[in-house]
Amino acid sequence: MAPMPPVDNPELALILAGVPDSLVQTGGDLYAVIINVAVNAWMAGHIHGEDGCDGCEGSRGPFGHDWNDRMKQITALSPDITEWFDRDQWNAALHDSGFSVQRR
């Protein structure tokens with residue numbers, strides 16, 4: 001199992017927050033939503049990993065990546081972003097989207 005980001009990671013919260021909207025945008029296409037989450041998580045992990053990779057310096061382009069700055073920018077744009085770790089809030093947003101997940 002891959003290492004998990006910190007529990008209050010703003011980027012993970014941003015990805016979680018996008019799931020209900022993504023369900024609406026795709027008309028409930030769960031496959032498309034999962035692909036979107038997976039790709040965004042993969043890219044976020046890659047960017048985070050590059051910060052600790054001395055050999056990745058040249059691959060970052062002229063502006064590089066600053067993971068801590070990225071987290072600060074996400075939080076500045078949405079100061080309450082980590083509220084998406086509240087299961088009740090996330091489930092309420094899912095319900096408000098008109099979609100739900102049920103086991104058969």
Side-chain angles (χ1 to χ4, degrees):
M1 185 172 220
M4 294 291 289
V7 174
D8 60 348
N9 179 287
E11 194 156 24
L12 179 57
L14 188 65
I15 292 168
L16 287 172
V19 169
D21 288 340
S22 186
L23 280 168
V24 170
Q25 291 170 358
T26 65
D29 184 345
L30 189 56
Y31 178 81
V33 172
I34 290 171
I35 292 294
N36 184 48
V37 166
V39 169
N40 279 292
W42 181 14
M43 291 304 298
H46 178 73
I47 290 168
H48 184 204
E50 279 189 349
D51 277 354
C53 173
D54 294 332
C56 295
E57 291 294 331
S59 68
R60 296 179 190 171
F63 303 107
H65 297 299
D66 182 336
W67 187 80
N68 287 322
D69 187 52
R70 184 178 174 89
M71 298 304 104
K72 289 176 189 172
Q73 288 178 26
I74 291 170
T75 303
L77 291 172
S78 186
D80 297 327
I81 193 67
T82 58
E83 68 191 0
W84 288 101
F85 290 117
D86 179 332
R87 183 183 307 266
D88 292 335
Q89 176 169 326
W90 192 90
N91 283 328
L94 179 65
H95 179 268
D96 290 348
S97 76
F99 293 96
S100 64
V101 177
Q102 296 178 354
R103 187 178 190 163
R104 290 194 213 190

Quiz item: Do you know the tightest heavy-atom contact between Leu16 and Trp90?
Solution: O-NE1, 2.9 Å

Quiz prompt | From Thr75 atom OG1 to Glu11 atom CD, the distance as rounded to the nearest 0.5 Å | solution = 10.5 Å

Exercise. May I ask you to decide if Ala32's main-chain N or O and Asn36's side chain share a donor-acceptor pair within less than 3.5 Å?
Key: no

Self-check item: Close side-chain approach of Tyr31 to Thr26, heavy-atom, < 4.5 Å
Solution: no

Practice problem: Measure the spacing between CG of Asp88 and NE2 of His95 and express it to the nearest 0.5 Å. | Solution: 13.0 Å

Exercise. Provide the closest heavy-atom pair for Asn9 versus Phe85 in the form atom of the first, atom of the second, distance.
Key: O-CZ, 3.4 Å

Practice problem: Report the distance from atom CG of Leu23 to atom CD of Gln25, rounding to the nearest 0.5 Å. | Solution: 9.5 Å

Quiz item: If every non-hydrogen atom of Ser97 is compared with every non-hydrogen atom of Pro20, which pair is closest and at what distance?
Solution: CB-O, 3.8 Å

Practice problem: Might you point out which heavy atoms bring Ala13 and Thr82 nearest each other, and give the distance in Å? | Solution: CB-CA, 4.0 Å

Exercise. Nearest 0.5 Å please: distance from the CD atom of Gln89 over to the CG atom of Asp96.
Key: 10.0 Å

Practice problem: Report the C-alpha distance between Leu30 and Phe99 in whole Å, list the side-chain angles of each, state the deciding distance to 0.1 Å, and finish with yes or no for side chain to side chain contact (heavy atoms under 4.5 Å, CB included). | Solution: CA-CA 10 Å; Leu30 189 56; Phe99 293 96; over 6 Å; no

